[in-house]
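Start at 1 with the first residue, then count along the sequence.
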Amino acid sequence: MKVVIVGGVAGGATAAARIRRLDEQAEIVVFERSGYISYANCGLPYYIGDVISNPKALTLQTPESFFSRFRVSMKVHHEVTAICPNQKMVCVKNLETGETFEESYDKLLLSPGAKPTQPEILGLGLSRVFTLRTVEDTFRIKEYIDKYNPKSAVLAGGGFIGLELAENLRELGMEVSIVQRPKQLMNPFDPDMAAFIHGEVRQNGVKLLLGHTVEGFAENSGRVDVLLKDAPAIHADLVVLAIGVTPDTVLAKDAGLALGVRGSIVVNDRMETSVPDIYAVGDAVQVKHSVTGQDTLISLAGPANRQGRIAADNICGGNSRYSGSQGSSVIKVFDLTAAVTGLNETTAKKAGLDVDKVILSPMSHAGYYPGGKLMTMKIIFEKKTDRLLGAQIVGYEGVDKRIDVLAAAIHAGMKATELKDLDLAYAPPYSSAKDPVNMAGFMIENIEKGIVRQWFLEDLAQLPRNGSVVLLDVRTTGEYSRGHIDGFQNIPVDELRERMGEMEKNKPVYVICQSGLRSYIACRILDGYGYETYNFAGGYRFYETVVNDKRMIASASACGMDQ
């Protein structure tokens, strides 16, 4: 059997190694357009920022090492220019010599990945405007920085690459601005959770222009003018386009393979395309979202590697199946860690799901053990069924641990209430006896049983201010004096029983505290005396972060720059 693989990075390299482990006699040829194989895409920004200082560390394998261990012919600087399914042939161009030739195959695997999205705007070819996809792109940016010592950079796009680059360029001492068309960074997160990311980015000196569209670039006295729609141009020594990626599927389209979402390659759960003996994996393929079952694109290294393994199994006569992707991801944002899995609230509602949520702010480990830090968790679940749909966490220590537990729970089809039953490891330096994941389960069970009724930030504007409801802040007087929501009276939770006469019993009571815990206790006290209570999800800390972020975004839109 002869297998030809197009693309030698995540999915392609994984598939090649797996095929060899399953079939020692197979002939395996990999064509990679760039000069590197099996490289760490996710590490590229950290080489630019000198966190990774050795360029060899970016490449997990070389063509020579791969051949030595697996006897796979890795041909770099070779571009497949056409696929001829009827002849079971690919046309190849040697980019170093210009030579063209044909290569036959019994099985063909496409792993071309995705390319940086480049809108049709002026100035894309300027020498100071870069994209970041390959090792070569990384070296070009790094060489430019080392040679010209730029003082400022504009990043068009606020996703994974944009944020990671922003951090690394700031560490090099540059002034950094991020321009993003949506009014938030990191679209996998809901706007309220993204507010915590925005705060960390601003605190580290990165300027945000959210809700702005880049219309082009122009040379200006050795610098670049970044032209914005309906706003003044901004100026920089360096620009990187990081506005997203587009499936690289020209080959597949020209060969007549069925295409799906945004031109991605349609595959079944065996990673087979619409054409016999042609498989596809990675960022170029359409997958099923494992929570909604809907067709989607999820460009992440983990799914690409799993898909490569599954395709290899099936190429070698197996029957492996890909169960879908749920978009589990984590990112370092300066000192902050932000992670997400499954659906966010926005996406769940767009999918037509009837959703509920809990927002909590637990400590990363036992409060009595030194060094614990707050994290903010938002858990999304389906009403009536309690099906766990997604989670977002922003914090410092322990974020990655909790998101992985929640990702596993979603994959296993657990109900949100079952989170309370998970038997999770505990020692004071690492967790609490009631782990944050368990706490989320306790909260959801209370909601499901009717013990707790919630109100949310989006309800605030509709709350009556005519005296028909009681608005109650149960924090200490000191906390209240440092900031509170207008119209909320202050009765500390520990004084509530003695001062209950200050509230009319026949009116609903909307309660808030700093994190949601004391207000929950207040609600239970008041419920015990016949009041109808509603607990604010997230607490004043959450309210303050989100509201201040909205003000900053609005202010930046008005003046053209976020400070």
Side-chain angles (χ1 to χ4, degrees), residues 44-45 47-49 114-187 198 201-202 204-246 248 250 262 552-563:
L44 301 182
Y47 175 72
I48 292 171
K115 55 189 176 183
T117 303
Q118 295 196 37
E120 295 182 3
I121 57 178
L122 296 173
L124 287 180
L126 296 178
S127 61
R128 294 174 179 84
V129 177
F130 298 87
T131 58
L132 181 56
R133 180 197 185 195
T134 66
V135 175
E136 287 91 342
D137 294 336
T138 308
F139 289 162
R140 278 192 289 270
I141 295 172
K142 181 64 173 169
E143 288 166 5
Y144 177 86
I145 292 171
D146 291 343
K147 183 176 181 179
Y148 295 103
N149 191 27
K151 303 300 183 186
S152 60
V154 169
L155 309 178
F160 286 95
I161 291 295
L163 256 66
E164 289 168 348
L165 263 178
E167 177 179 347
N168 281 279
L169 295 180
R170 280 295 294 153
E171 292 296 329
L172 294 177
M174 291 189 212
E175 293 183 3
V176 178
S177 302
I178 298 177
V179 183
Q180 169 93 331
R181 180 183 297 173
K183 289 190 175 182
Q184 70 168 85
L185 304 174
M186 295 297 296
N187 285 334
H198 298 168
V201 169
R202 292 189 186 105
N204 283 276
V206 177
K207 298 175 181 177
L208 299 181
L209 286 85
L210 304 177
H212 288 279
T213 301
V214 175
E215 291 196 318
F217 309 100
E219 292 269 14
N220 185 352
S221 302
R223 306 185 76 201
V224 182
D225 285 347
V226 181
L227 310 177
L228 304 179
K229 183 178 180 181
D230 300 326
I234 56 176
H235 318 287
D237 301 320
L238 167 71
V239 173
V240 180
L241 276 179
I243 58 177
V245 293
T246 302
D248 193 351
V250 173
R262 291 178 57 200
M552 293 287 285
I553 294 171
S555 174
S557 297
C559 68
M561 179 60 74
D562 184 337
Q563 300 298 329

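The shortest distance between side-chain heavy atoms of E215 and L228 does not fall below 4.5 Å. Using a 4.5 Å heavy-atom cutoff, the side chains of K115 and T131 are not in contact. Put simply, the side chain of E164 reaches to within 4.5 Å of the side chain of I161, judged on heavy atoms. Under the 4.5 Å side-chain criterion, counting only non-hydrogen atoms from C-beta, I145 is in contact with M174.
Applying the side chain to side chain contact (heavy atoms under 4.5 Å, CB included) test to I121 and every residue at least two apart in sequence or in another chain returns P119, L124, V214, F217. Taking Y144 as the reference, R128 meet the side chain to side chain donor-acceptor pair (under 3.5 Å) condition, with sequence neighbours excluded. Listed by chain and number, the residues in a side chain to side chain donor-acceptor pair (under 3.5 Å) with K142 are D50 (sequence neighbours excluded). By the salt bridge (Lys or Arg N to Asp or Glu O under 4.0 Å) test, E167 is found to be paired with K332, residues two or more places apart in sequence or in another chain being considered. Residues satisfying the side chain to side chain donor-acceptor pair (under 3.5 Å) test with N204, not counting sequence neighbours, are E200. Shown here are the side chain to side chain contact (heavy atoms under 4.5 Å, CB included) partners of V135, two or more places apart in sequence or in another chain: Y36, Y39, L44, F139. Scored by the salt bridge (Lys or Arg N to Asp or Glu O under 4.0 Å) test, D225 finds no partners at all (sequence neighbours excluded). When the side chain to side chain contact (heavy atoms under 4.5 Å, CB included) test is applied to N187, the partners found at least two apart in sequence or on another chain are Q180, P182, Q184. For F160, there are no ring-ring contact (aromatic ring centres under 6.0 Å, His included) partners, not counting sequence neighbours. In this view, R170 satisfies the salt bridge (Lys or Arg N to Asp or Glu O under 4.0 Å) rule with no residue, not counting sequence neighbours. Shown here are the side chain to side chain donor-acceptor pair (under 3.5 Å) partners of T246, two or more places apart in sequence or in another chain: T117. R140 meets the salt bridge (Lys or Arg N to Asp or Glu O under 4.0 Å) test with D137; sequence neighbours excluded.
The distance from atom CD1 of I141 to atom CG of D146, rounded to the nearest 0.5 Å, is 12.0 Å. With values rounded to the nearest 0.5 angstrom, L208 atom CG is found 8.0 Å from I553 atom CD1. Note that CG of N149 is 11.5 Å distant from CG of L238, once rounded to the nearest 0.5 Å. Residue K183 holds its NZ atom at 12.5 Å from CG of L209, rounded to the nearest 0.5 Å. If you take OG1 on T138 and CZ on R133, they are separated by 12.0 Å, rounding to the nearest 0.5 Å. In this structure, the separation between CD on E219 and CG on L126 is 5.0 Å, given to the nearest 0.5 Å.
The shortest heavy-atom contact between A153 and L169 is CB-CD1, 3.8 Å. The nearest pair of heavy atoms linking I178 to G157 is CG2-O, 3.6 Å. Residues V206 and A166 come closest through the heavy atom pair CG2-CB, 4.4 Å. Closest non-hydrogen pair, L132 versus P45, comes out as CD2-CG, 4.2 Å. Here the closest heavy-atom approach between residue A233 and residue L227 is recorded as CB-CD2, 4.0 Å.
A salt bridge does not link K151 with D237: every distance from a Lys NZ or Arg NE/NH1/NH2 to an Asp or Glu carboxylate oxygen is 4.0 Å or more.
Between the side chain of H235 and the main chain of V224, no donor-acceptor pair closer than 3.5 Å is present.
Between the side chains of S152 and R223, at least one donor-acceptor pair of N or O atoms lies under 3.5 Å.
Open room surrounds CD on E175; 12 or fewer heavy atoms of other groups in view lie less than 6.0 Å from it.
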